[in-house]
Amino acid sequence: MSTHQPLRAVSTARHPSDSGPLVSLRLWLAGSPWRPSGGWLTLAGLLAAAGPQLDQRPWLAMALALALAEAFWGALWWQLVPAQDWPLHSAARRPALPYIQPSSPAGRLLGWQEPGAAAAITRAGAPLAGLALLLALAISPLAVVLTGAVILLALLGMAARQAGLTSLVGWLYALVFAALPMALGVAVGLAGQWPPAPQSGWLLALALGYTLLARALAPDAQPPSGRGLARLLMAAAGLGLVTVTLLGSGLLLAGGVVGLLAAAPLLILARADGPPPAAVQPWALAAILVSAAALGFGIG
């Protein structure tokens with residue numbers, strides 16, 4: 001499987017005569033666990049916001065937040081956005097429902113004639129979105145709002161992918177896998193209370209830096225001529241903003257460590273011609289976690 005797709009989900013319809021449930025939802029891991037993903041960015045938000053008070057936060061809420069961002073948000077994106085790999089294309093059977101034929105409007109909507117965008121939404125995305133909203137409801141009202149934003153961004157990403165807007169898909173990817181998970185972690189870590197300045201400014205700066213880095217590492221298709229340089233500059237801007245944030249907050253040692261960690265991924269990206277190499281991911285993740293922990297615990 002691709003190293004860029006951390007968690008995949010498949011929802012398949014089965015004929016009533018088959019054994020087992022009518023609808024099944026399958027989740028599985030793919031790729032290296034040491035890649036920046038929703039779960040890791042949520043953890044970064046928790047570390048940066050709560051710091052030494054992390055053990056005083058509700059463990060159930062933190063565990064649910066990590067599961068929501070990693071499993072459900074990520075699965076929603078990979079279920080809907082990669083149009084060339086919709087799992088519904090392999091669905092060969094349909095339920096025997098009265099008054100609905102494969103060529104009817106309802107049959108086309110459900111994808112029984114030829115699975116497409118509407119089928120991916122109604123038969124694959126909708127059940128997963130419902131489960132994600134139920135899980136978010138157990139965390140906080142803000143988690144529900146953020147989950148709704150992820151659903152809208154996934155639908156927009158699906159439309160952008162169909163329209164060939166690869167750059168827009170990359171930015172939406174960065175929001176789903178970096179900005180919103182970071183916001184979820186900060187919200188849970190602060191127990192709904194927004195921190196005063198200057199901590200709030202440092203948190204926003206870190207979130208922006210992580211988002212730029214995630215955009216640079218978005219699993220785009222083979223980039224056109226000149227795109228490699230743009231990706232390198234985007235990664236340098238993100239890592240540079242993280243480093244400057246630590247230095248500005250007085251964490252000089254942590255800023256130096258993150259600067260050293262940034263050298264490896266930038267060198268790898270500078271030599272890469274195709275999609276972002278998998279070797280970049282552990283270095284980027286290390287820079288994210290070190291910077292978040294340094295800001296939260298005041299180390300450095």
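Position 1 is the first residue of the sequence, and the numbers go up from there.
Of all heavy-atom pairs spanning Val258 and Val242, the tightest one is CG1-CG1, 4.0 Å. For the residue pair Ala178 and Thr211, the shortest heavy atom distance occurs at CB-CA, 4.0 Å. Across all non-hydrogen atoms, the minimal contact from Ala254 to Ala294 is CB-CB, 3.5 Å. In terms of heavy-atom proximity, Leu180 sits nearest to Ala149 at CD1-CB, 4.1 Å. Shortest non-hydrogen contact noted between Leu68 and Ala132 is CD1-O, 3.6 Å. Across all their heavy atoms, Leu146 and Ala183 have their closest contact at CD1-C, 4.2 Å.
Side-chain N or O atoms of Arg215 include none that pairs as donor or acceptor with a backbone N or O of Ala174 at under 3.5 Å.
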Problem set entry | Step-by-step side chain to side chain contact (heavy atoms under 4.5 Å, CB included) determination, Leu46 to Met62 | CA-CA 8 Å; Leu46 287 168; Met62 291 190 291; 3.9 Å; yes
Worksheet entry | Chi angles and distances behind the side chain to side chain contact (heavy atoms under 4.5 Å, CB included) call for Trp77, Leu172 | CA-CA 10 Å; Trp77 177 270; Leu172 296 175; 3.7 Å; yes
>> Leu267 vs Arg271, test: side chain to side chain contact (heavy atoms under 4.5 Å, CB included). Steps then yes/no.
In response: CA-CA 7 Å; Leu267 288 174; Arg271 302 178 59 183; 5.7 Å; no
Full working for side chain to side chain contact (heavy atoms under 4.5 Å, CB included) between Leu184 and Trp73: CA-CA 12 Å; Leu184 178 62; Trp73 289 2; 3.8 Å; yes
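In this structure, CD1 on Ile288 lies 12.0 Å from CG on Leu47, to the nearest 0.5 angstrom. Atom OG1 of Thr243 is separated from atom CG of Leu261 by 9.0 Å, given to the nearest 0.5 angstrom. Atom CG of Leu76 is separated from atom OG1 of Thr147 by 8.5 Å, given to the nearest 0.5 angstrom. In this structure, CG in Leu285 is found 8.0 Å from CH2 in Trp34, a value given to the nearest 0.5 Å. Met234 CE to Leu229 CG: the interatomic distance, rounded to the nearest 0.5 Å, is 11.0 Å. How far CG of Leu203 is from CG of Leu190: 6.5 Å, rounded to the nearest 0.5 Å.
A heavy-atom distance below 4.5 Å is found between the side chains of Leu289 and Trp40. Using a 4.5 Å heavy-atom cutoff, the side chains of Arg231 and Leu269 are in contact. A 4.5 Å side-chain heavy-atom check between Ser291 and Thr245 finds every atom pair outside the cut-off. The shortest side-chain heavy-atom distance between Met182 and Thr42 does not fall under the 4.5 Å cut-off. Residues Trp283 and Ile268 form a side-chain contact, since some pair of their non-hydrogen atoms from C-beta on lies under 4.5 Å apart. A 4.5 Å side-chain heavy-atom check between Tyr210 and Leu206 finds at least one atom pair inside the cut-off. When side chains are defined from C-beta on, Leu41 counts as touching Pro36, because their heavy atoms get closer than 4.5 Å. A heavy-atom distance below 4.5 Å is found between the side chains of Ile151 and Leu133.
In the hydrophobic clustering of ILVMFWY residues, with side-chain heavy atoms under 4.5 Å counting as a link, Tyr173 and Leu208 come out apart. With hydrophobic clusters built from ILVMFWY side chains whose heavy atoms lie under 4.5 angstrom apart, Val81 does not share a cluster with Trp171. Under the 4.5 Å side-chain contact rule for hydrophobic residues, Leu246 and Leu212 do not share a cluster. Leu131 and Leu64 end up in the same hydrophobic cluster when Ile, Leu, Val, Met, Phe, Trp and Tyr side chains are linked at under 4.5 Å. No path of Ile, Leu, Val, Met, Phe, Trp and Tyr side chains, each step under 4.5 Å between heavy atoms, connects Leu239 with Val244, placing them in separate hydrophobic clusters.
Counting non-hydrogen atoms of neighbouring residues, nucleotides and ligands closer than 6.0 angstrom, the CH2 atom of Trp202 exceeds 12 such neighbours.
In this structure, a donor-acceptor pair under 3.5 Å is present between the side chains of Glu70 and Ser37.
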